[in-house]
Amino acid sequence: MFLAGVRLRLRRRALARSGLYFASSAIFLAVAAPLAAVASGSGRGAAWVAGLLASLALALASAAGLIAPRLRWRSDRAVAAYIGRREPRVASDLLSAVELGAAGAAPRLARGGAFSPALVAALTESTAMRLGGLAATDIVPRRPLWRPVRAAGVAAAFALLVAALAPGRLSLGWHALIDRSIGPGRFGGAESSAVPLVGDLEITLRYPSYTGRDAAVLANASGDVRVVPGTRVRLETMALEPASAAWLAFDEEGEKLQPLQVALGQLSGEFEVRAPVKYRFLLRGPDGQRRVESAARSIEIEPDREPRVELHAPAEELDVTGLKRVELAYVAEDDYGLTRADLVWDGPDGKPRRVQIELPGGDAAAPGAPPPRSAQNKLFWDLADVPLQPGVRVAYHIEVFDNDEVSGHKAGRSKVFTLRVLSPRERHERLIELQRELFENLTRALGGRLVVDQADGAAHEPLHRDTAGIVVELGTAVAALGSDRMAEKQLVRVLGEMRARLDKLVRREARLLKRAASRGKAKLPGALAAQVGGSDRAQVAELEDDVLLMADWVDRQDLENLLAISDEIKAHRERLAKLFEEYKRSKSPEIKAEIERELRALEQKLAELERRGGRMPADVLDQFVNSEAMQAKKSEDCLAEVRRLFASGDVEAAERRMRQCAAGLDEAARSLEHSLDDLRGDRFSEQQKKFDELRSEITDLAGDQQQLAGEAGDIQKRYAEKAGDLMREQMEKNRDQLNELLGRLRRRVAQVPDAGLGQFIDEEMGAVKARLDDIQRLLAGGDLAEALAMAREAEAGLETVESELDAALEEDGAEFRKLGARGMDAVEHALPVARKLVSELERATPPPSRVLEREDLDRLERLSRRQQALQQRAQRLAQRSRDIADELPGESGQRMAERLGEAGQRMDRAQQRMRARDPSGARQEAREAAEKLAQAKEEAQGAARQQQSQGRSGLRDEPVRIPGADEYRAPERFREDILDAMKKGQAPTPYRDMVKRYYEELIR
Amino acid sequence: MRAARCLLLSIASIAAIAGPRAADARNLEQESLRAAKFLGSWRFEEAREVIDKLAADEPTAPETRYLRAELAFLDGNYGQAVELLEGLKPADVGGNVGELRALAASTRDATKGFSTARSSGGHFAIAYPPGKDEAIVELAGEVLESAYRAMNEDFGYQAPGVVRIELLSAPSDLARVSTLTEKEIETTGTIALCKYGKLMVVTPRATVFGYPWMDTMVHEYVHYVVSRLSHDRVPVWLQEGLARFEQVRWRGPALRPLSPVEEHLLATALKANDLISFDDMHPSMAKLPSQKAAALAFAEVATMVAYLHQQQGYEGLRRIIAGVKAGRNARRAVADAMNQKWDGVERGWKQFLRAAKLRTSPALAGRAQSPRIRFKKGEGETENVGAEEVASGKARKFTRLGGLLRARGMTQAAAVEYEKALALVGPSDPFVAGKLSRTYLELENYERSIELARPLLEIDETDATPATTLGLAYLATNQPGDAAGAFELALRVSPFDPAVRCGLADAYDRLGRKPLAARERKACALVR
């Protein structure tokens, strides 16, 4: 009995649970199905699906609530096991009692020989007694029903919510579901109506949010609209005839029907448009008759166009010298909004590389702000960040992306521009490569010629062709080198001569081979073979010389090229030193970025130096280049340390470390210069010998001149002491006037910009200011004569600056011109004051002839004669430098001659000052002559290897700019104004028509 | 050990100016002085005892920390040495802290990632960068163990602990772990050093032609032994003489202290009365102006020790070292050992040289003028490295052409050019004959190849080029015994040449010397 009761409860509980789940599903379907019918526009389809789902749910509920419990709880043993799980205390006894009491148990136990009916009865009884204390409700609790009850509750709540929020839609959906009136055939067999079934429409267009467009309401519309994909279209109209139900019938495949709400003849409905579509109204009259409009209305798609971008660069095909920054500008537009802009260029592996660039109003805009529809910006593309191969053309363009969230972000690409990093050095490098190829061909020709059998006419043919080809290549090389300003003139001559010699030999061989060909035999006859052999020997001798000559020149140019890179490194370092100074002072983020950029550029140069150095033949490195010259790797490590320190904010330490790196690099550069000297000394010994001799003579001359200047200085010193004593009274009278003049001069000089005019001018101005300080000090001490000397030096310094600025203004770009013009203006104003100061000091100073003792006057006389002799030596040396300029390396001869000429002029002036018994002027001119001589020697070293000027090293490395970059702003401004006007809805008068047209274009 | 001497001076001067202080402080000063003195005289065991005591008594005193760092540095624990100096100012302990910290840090960086292997006898710990250098570690251990036994025989010295050897990748690393500059290393061809109680050796892999690295390593070990025996009092010239004389002892008796090139150098200098004075060899041979000057100095001191050895045997050499250790001037110690005055010793030495009838070899003139050790500086073609050794300009031209052609695979044409050069300088020019011999080997003209290379090896057994060529030619003509002999000579100089290691493996294989063949096969795979 107890077991039966439990079984019944278990079955009922299972039935209740299934019933509740089924009810939940049914409630949910009752709401979801009509909504789906409305959304899909197919009431029938939705009804089918809903019916199917409902049947499935019913089947599952029946299976789970009726069939499964009936099967599961069929046996007493299963029920007993269930009770045992609920009440473990009776589990064993109950199960035993059930099993022992079962009809089939007895024989089994009897076989076991231990059957005792009494014991079974006792067990059954005691178990029944124990079960008697248990309640069936405890054994089969109702708690498991809570979950399905909750599910039913949630479904009911959902249904109530939907019914409350969208009763019309729900009702419409149910109508669609249960309406059996739509039959088969086009539009469900509806009758076609030639006249419209509805009146004018009111169309509400809700655009996708990304377009940023407000909803538009089109009153009295025909129903034809043009929308952006993703727009939700709401239609409202009046039925022109009584209608109990209405649909929108779409012409698309499947003839989808969208139910409309019908209320007092008023129809309404809404749908989303992603593609062009045609639709008509379909009405069902109260009599059940259905009619559909014969004329379709259309919704067209207004495409969201790809964004457009226009790139402006300095040139379509740009050659850039060094790791510059290139100014780029772009103008981008999109119908609805721009989200991103990228600069894209071809990587060395051919794959595109991209970097996101600033899009004004884009990412950086305030959160929630609409993306800009147009943007224009300038940027500086820093080539130091881009691993560009020198000489290789790189294509680049800009890509912008719109904000289309419906169809995906579309990209617009600008026109493709190209760029090539090619400095004079890199151009020269390509010519070295050409010579290297030539060298390889010469070596191959020699190799073939050395082992050819003189009697083998056929074997000579390809050798002949190769050598003839070399003659052509030599001609090409000569022409190319002729226009290369870094190419050595002597090399051009050497190659020209080589070409002529080889050409002659090739012609001779051609004649012999022609004769051999006319014989038509594989083996040449003795006499002809001997002649060919003679030609071979001559060619071998020539090629042997040529191969080595070419190898020497290539090695030399490789080494010179390393030095050229080293010069570039030096220029970067000097800029870095200035930038560090400036950064310490200003802490400007711009300067910080510039420092980081310079460090990167420097690292790139060092890597290049290492790469090129490592490729040189080992015998050249071994014999001429010592390890100190090959410090690129070490310097790279050093720079990495600078970078680390700078990034950590320890600017002082970074600068200190940078100075150590610079010292190492200087040492390496000096070693490399020596290496080149050694190589020239070994491979071009005659040339280097002459060069060394000249430099040595200049050194001697500079020493003698220095000594002479020293002696002139001693006389000036004595003169100044005596003049000071004599003129103390005069000094007191003139002090105020002189101080006033000096003050004026200081003010003028202070107007010259402190930096940015180039290293030389900056240094010269520093010297001028130092002289002014000296004058002040000397005037205070009453030393008029020395003050005069200093004033003359200041005047000379200003003159130098003036001429330098004059030259620089002719060469430099717009940015420098502005600064340079300011400097020039200040110098031009300062010079007259300086001259006035000199003349006032001259007036106030007693003439040396009155002050100096006879002995010193005689000394001055003797000095003038010595100066004359030195001047003559300088002239002779200058003449010799000019005469043998072609035999000297690079442009050293010409450069030495120029500097010697300048020194000679100074010597001449010194001599004049000596004769005029002006020790101050004499000392100054003599010193400057000595400086020019030292300069001659120093510059000769660089000129010998065609050292290129590294340009000004101002704080900013001027980028390559877009010519006339300002002009294109006007039209863009114009476009922006239009867009602004649209946003505000207040177009400026001139643009009003355009705005109107624009809107018309949007909603046609 | 110079740093230890500086420490000694600085502590002494601090003590002098400090005046009377507390007893503890005095004790610290005295003990620090003692420790520094022991360190400075290579008495590391005694120094360790004192420093351990200081570490227990005055663990935080800058002197103690410095001395502990110094010990850690000597033990090869460079990171620990740097850590121990943390918090001390560079100027502390007389400025030694800054110096030691910089040296320890740069040594730590230069030896970062090194592996260490023990020699078979366990007396040497060889630290090396993993990779190709592994190919010489076992060999180095064997050579050093052999030298260990020889030094015991000759001087009765056995190193009490494990001697550390660092195998460095490049000359720049040697500069980082020592006080030498790269320029000095390159100028003098210094490739190894014995300093800070360890041997520092640049791997032959860093050179174009290799160098006699086995002898060099033993050379440095002799320095170690002499420094330990004499408490580092033996002056440089005598140190170098002993090391140069003894450097071959690992492979046999010290009979012939000079190579033909050195003999040529010494003979020329003797004739021109252009010998380098013993004073000029101070403070270091590495400071001499050129590799040539260094080579001449080595030759001089080696022959001086050979002379002393001839006169007094090892007993005499031991007496000299003991005399110097006892505080006698080296010249005096030598004179005492020889029972005559220094002038007499010098005269005797010059007579010894004259009696030796040193030979000048014109063919070696170029080689004597050129650096023997060529450091690798790039990846470009190496065929003409050393061509400047060829004395005749015209022959040099043909040699260069031969090299250019050979580097481009035009072997037959190269042979033509080398033959032209050889006709000008004769077959004893080691560079030209060596290149031609190798070229004929490539042209499979083994007979001519052997004919050219064999005399070269007799002239200069430290030239790996003819040795390798001979080895290959003998192998090709099925003479494995001769091939193994030639390769073994090449191995002493150029152990990273795959031709040497792989060729030697083949030769040992054919001779049935399987364990050696296996060793060389492994090395062959490593260096290939």
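Lettering follows sequence order; numbering is per chain, from 1. For the numbers below, each heavy atom of this structure counts, side chains included, while hydrogens, waters and symmetry mates do not.
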message: Testing the basics here: between A/D555 and A/P617, what is the closest heavy-atom pair and its distance to 0.1 Å?
response: OD1-CG, 3.6 Å

- prompt: What are the two closest heavy atoms between A/W553 and A/V494, and how far apart are they?
  reply: NE1-CG1, 4.1 Å

message: Which one wins on heavy-atom pair count under 4.5 Å against chain A: B/A387, B/G380, B/A414?
response: B/G380

- prompt: Of the listed residues (B/L404, B/T181, B/T382, B/V208), which shares the most heavy-atom pairs with chain A below a 4.5 Å separation?
  reply: B/L404

message: So for atom CD, which belongs to B/Q412, do other residues, nucleotides or ligands contribute more than 12 heavy atoms lying within a distance under 6.0 Å?
response: no

Top contributor to chain B contacts, counting heavy-atom pairs under 4.5 Å, from A/Q623, A/R615, A/M616: A/Q623

- request: Identify which of A/D545, A/V547, A/L548 forms the greatest number of heavy-atom pairs closer than 4.5 Å to chain B.
  value: A/L548

query: Do B/T179 and B/K195 have side-chain atoms, one donor and one acceptor, less than 3.5 Å apart?
result: yes

- request: Examine whether an atom of A/V620 lies under 4.5 Å from a heavy atom of chain B, and if so say whether it belongs to the side chain, the backbone or both; otherwise answer neither.
  value: neither

Pairwise salt bridge (Lys or Arg N to Asp or Glu O under 4.0 Å) hits with a residue in residues 401-426 of chain B, at least two apart: A/E440-B/R408, A/E544-B/K420, B/E381-B/R408, B/E383-B/R406, B/R406-B/E442, B/E417-B/K420, B/E419-B/R448

Proximal component of B/K376, with respect to chain A [non-hydrogen, under 4.5 Å]: neither

